[in-house]
Amino acid sequence: MVPTIHLGRLGVALTVLASAALCGPTTFAHASTAADEAAAQFGLTSYSLSTITASGDISTALSQAAAVPGTADSPHLIYLPAGEYQLRGSVRIADRVYLAAENGTTVTLAATADQMLWFPASVTAGVYGGAWDAQGRGSASVFAAATARLQVAHLTLRNAGKHGVAGYRGVDLTLTDVSTTGNKVDGVHLDGSRLTATDLTATANRRNGIQLSAGSSATITGSILDTNGLAVSGSTTGKTGHGLGLSSSSATVIDTSISANKVCGISSTGRSVLSLSGVHADRNGRHGLGTSAGTQASISNTTFLSNGYNGVLATGSGTVLTLTGVQIADSRQYGISLPGKGTVTLSDTSVVRSGKSNIAGSGKSRLTLQANNLISAAKAHGVALASRSTLSITGTGNQLNGNAGNALMLSDKGTSGRIIATVSYQGNRGAAVLVRKKARLYQVPGSYSANRRTATTSSGGKIITLH
C-alpha cells in the first residue's frame, strides 16, 4: 500500500511515490490523470504528490502546499482535481514545486493581488493544465517570475489586470500549448529573460501578444499571435498594439501567424535581432514589420499581405533586412518603405500591388536586388529612390512589370544605381527607367517591352551604359 498523509483542515492530501526503479517491475493499470501527464511533460520520474482536497477558496491549502519545496531527486507535485476554485491572494511557489490541474479545472482570482502565482528567484517550477483567470483585477498578472526557471504547459491564462505571464531578471520560460488571451497589457511579457514557446496562442490582448524587452531572447514555433492591440482606437500612429514587440531584444520565429493586430504584426525598436521563417504577418493595421534604427532581420518564406500601411518598414542607421522567398502584396501604402538610412536586400521575393510605390527609399537608404525578384502592379512606381539613396541590382531574373508609374525612378543629386545584370521591364505605364534631378545610374541594357518609354533622363540625371 502506498502511504498517504492527510493534512486535515488544510485541504491537502500528501502521497509519497517511489520511482519505477525503486518499485521494481510491478505496474498498476489506472486512468491517466493530469498529475501523470504533468510528470511526463516535466520529466519527473520520482516525486512527492499533494492533492488539493479543499473546494471553493483554496488560498490557504494551495499556499501551504506550494510552500513545501521539493528536491532535484524528489520534486513536489501538487494535484488539483477538476473543479471551480478561487484564490484571494498571490501564491508563492517554492523550489522544485510543480502544479497539475485536471482538465476542466478553473482557478479564478477573487481579490486584488500582484499575481495569482509568483515564482521567485532561483526557483525551478512548472504548471500544467487548467484555466487560470485573473478576472481583470488590479494590476495582477496571472503568473509572474523573476530569475526563475519556469515551464508552463497545456493551459489557459486570461483576463490579467496586467500580463498573462511575465518574466523579469533572467527568467528561463518555456511555454507549450499555452493560450494567453484577454489580458489588459501583454499576453507574454519578458524583461531581460528567455522564452521558448511552442504552440502558443497569444491573442486578443489589449497591447501586445508578446513583448520582449531589455535584452530578452525568444524562440517561437508553431504559434498564433493574432488580433492583439484591442486598446487601440483611431489612428495607429505611435501606438502599441502588436503581435510581437521587440525592444533591444532578439527573436527567432518559425511557422507562426502574426496577423490582424491593431498596429504592427512585428514592431522592433532599439538594436534588435530578428529571424522569421514561415511566418504570416498579414492584415495588420499598420505595418507587417515595423523597425527603428539598429534592427537586424533575416526573413525567409514569409508573407506580408494586405497590411494597412507598409508591408515592411526598414528605417534608421544600422537597420539591415535580408528577404528571401518573401511575398509582399496589397499594402495600402508601400510594400517596402526605406525612409532613412535603412538597408534591404531581396532575393526570390515579390512586392506587388502596393497602394503607392512597391519600394520607396530616401535619406541615404540602400536597396539591393539579387536574383529572381518581381516588382509589379504598384499604383505608383515599382522602385523609387531619392535623396542620396543607392540601388544595386546584381542578379538575373529580376522583373519590374505593370506598374502604374515608372518601373524604376532615381531622383536627386547623390542618388545612384548600378545594374550589372539584365532586368526585364514590361508593361509599365511610365518609363521603364527614369533618372532625374542629377541622379546617376550605371547599367547594362535592360529588356524593354510595352513601356511608355524605355530608359530616359530629365533635369540633369545621367544614365551610363556598362559593357
Side-chain angles (χ1 to χ4, degrees), residues 236-238 242 244-251 253 263-276 279 281 284 286-300 302 304 307-328 331-351 354-370 373 375 378 380-395 398 400 408-412 414-419 439:
T236 58
T237 302
H242 317 305
L244 171 62
L246 300 175
S247 177
S248 300
S249 295
S250 64
V253 187
V263 188
C264 297
I266 306 157
S267 176
S268 172
T269 61
R271 294 192 172 275
S272 293
V273 178
L274 179 65
S275 174
L276 304 178
V279 169
N284 296 288
R286 195 162 179 83
H287 313 307
L289 168 63
T291 68
S292 65
T295 299
Q296 305 279 312
S298 174
I299 305 169
S300 63
T302 287
F304 299 94
N307 288 291
Y309 207 85
N310 302 316
V312 173
L313 172 67
T315 187
S317 179
T319 291
V320 179
L321 275 57
T322 301
L323 281 64
T324 304
V326 171
Q327 298 177 49
I328 303 174
S331 306
R332 184 169 294 179
Q333 299 288 329
Y334 302 101
I336 300 175
S337 178
L338 299 94
K341 298 184 179 180
T343 297
V344 172
T345 299
L346 306 181
S347 61
D348 299 300
T349 288
S350 62
V351 188
S354 300
K356 293 185 177 178
S357 295
N358 279 320
I359 303 176
S362 60
K364 300 182 180 179
S365 293
R366 301 175 64 89
L367 173 66
T368 298
L369 302 184
Q370 295 179 340
N373 299 291
I375 314 298
H381 310 298
V383 176
L385 300 182
S387 59
R388 303 177 69 184
S389 293
T390 302
L391 169 71
S392 178
I393 301 181
T394 60
N398 288 294
L400 278 70
L408 170 62
M409 184 174 69
L410 304 182
S411 300
D412 304 329
T415 296
S416 64
R418 187 175 185 86
I419 302 174

Donor-acceptor under 3.5 Å ([X] side chain, [Y] main chain):
{"X": "Ser272", "Y": "Ser248", "result": "yes"}
{"X": "Asn373", "Y": "Asn398", "result": "no"}
{"X": "Asn307", "Y": "Asn284", "result": "yes"}
{"X": "His242", "Y": "Cys264", "result": "yes"}
{"X": "Ser298", "Y": "Thr322", "result": "no"}
{"X": "Thr319", "Y": "Ser317", "result": "no"}

For His381, which residues count as a ring pair (Phe, Tyr, Trp, His ring centres under 6.0 Å) partner, sequence neighbours excluded? none

Working note: Asn310 + Ser331, criterion side chain to side chain contact (heavy atoms under 4.5 Å, CB included); need CA distance, chi angles, decisive distance, verdict. CA-CA 6 Å; Asn310 302 316; Ser331 306; 5.7 Å; no

Reported [atom1]-to-[atom2] distance for the pair [X] and [Y], which is rounded to 0.5 angstrom:
{"X": "Ile299", "Y": "Thr349", "atom1": "CD1", "atom2": "OG1", "value": "9.0 Å"}
{"X": "Leu313", "Y": "Phe304", "atom1": "CG", "atom2": "CZ", "value": "11.5 Å"}
{"X": "Leu369", "Y": "Ile419", "atom1": "CG", "atom2": "CD1", "value": "8.5 Å"}
{"X": "Arg418", "Y": "Ile393", "atom1": "CZ", "atom2": "CD1", "value": "12.5 Å"}
{"X": "Ser267", "Y": "Leu274", "atom1": "OG", "atom2": "CG", "value": "11.0 Å"}
{"X": "Leu367", "Y": "Ile375", "atom1": "CG", "atom2": "CD1", "value": "7.5 Å"}

Could you check whether any side-chain heavy atom of [X] comes within less than 4.5 Å of a side-chain heavy atom of [Y], counting everything from C-beta outward?
{"X": "Val312", "Y": "Val326", "result": "no"}
{"X": "Thr295", "Y": "Leu246", "result": "no"}
{"X": "Ile266", "Y": "Leu276", "result": "yes"}

Donor-acceptor pairs under 3.5 Å, side chain of residues 340-348 to any protein atom, not counting sequence neighbours: which ones?
unit_1, atom_1, unit_2, atom_2, d
Ser347, OG, Thr324, OG1, 3.4
Asp348, OD1, Asn372, ND2, 3.4

Grab the two heavy atoms, one from Leu410 and one from Ser416, that are nearest each other, plus how far apart they are. CD1-C, 4.2 Å

Suppose we screen for side-chain hydrogen bond (donor to acceptor under 3.5 Å, both in side chains). Which residues come up paired with Thr236, at least two apart in sequence or across chains? Arg286

Run the side-chain hydrogen bond (donor to acceptor under 3.5 Å, both in side chains) test against Gln327 and tell me which residues pass, sequence neighbours left out. none

Kindly indicate, with the supporting measurements, whether the criterion side chain to side chain contact (heavy atoms under 4.5 Å, CB included) is fulfilled by Ile336 and Leu323. CA-CA 11 Å; Ile336 300 175; Leu323 281 64; 4.3 Å; yes

Test Leu391 against Thr415 for side chain to side chain contact (heavy atoms under 4.5 Å, CB included), laying out the working first. CA-CA 8 Å; Leu391 169 71; Thr415 296; over 6 Å; no

Name all pairs fulfilling the side chain to side chain donor-acceptor pair (under 3.5 Å) condition that reach into residues 357-368, sequence neighbours left out, sorted by first residue then second. Ser354-Asn358, Asn358-Asn403

If you apply the rule side chain to side chain contact (heavy atoms under 4.5 Å, CB included), what do you find for Gln370 with Thr394, and how did you get there? CA-CA 5 Å; Gln370 295 179 340; Thr394 60; 3.9 Å; yes

Listed partners of Ser292 passing side chain to side chain contact (heavy atoms under 4.5 Å, CB included), at least two apart: Thr269

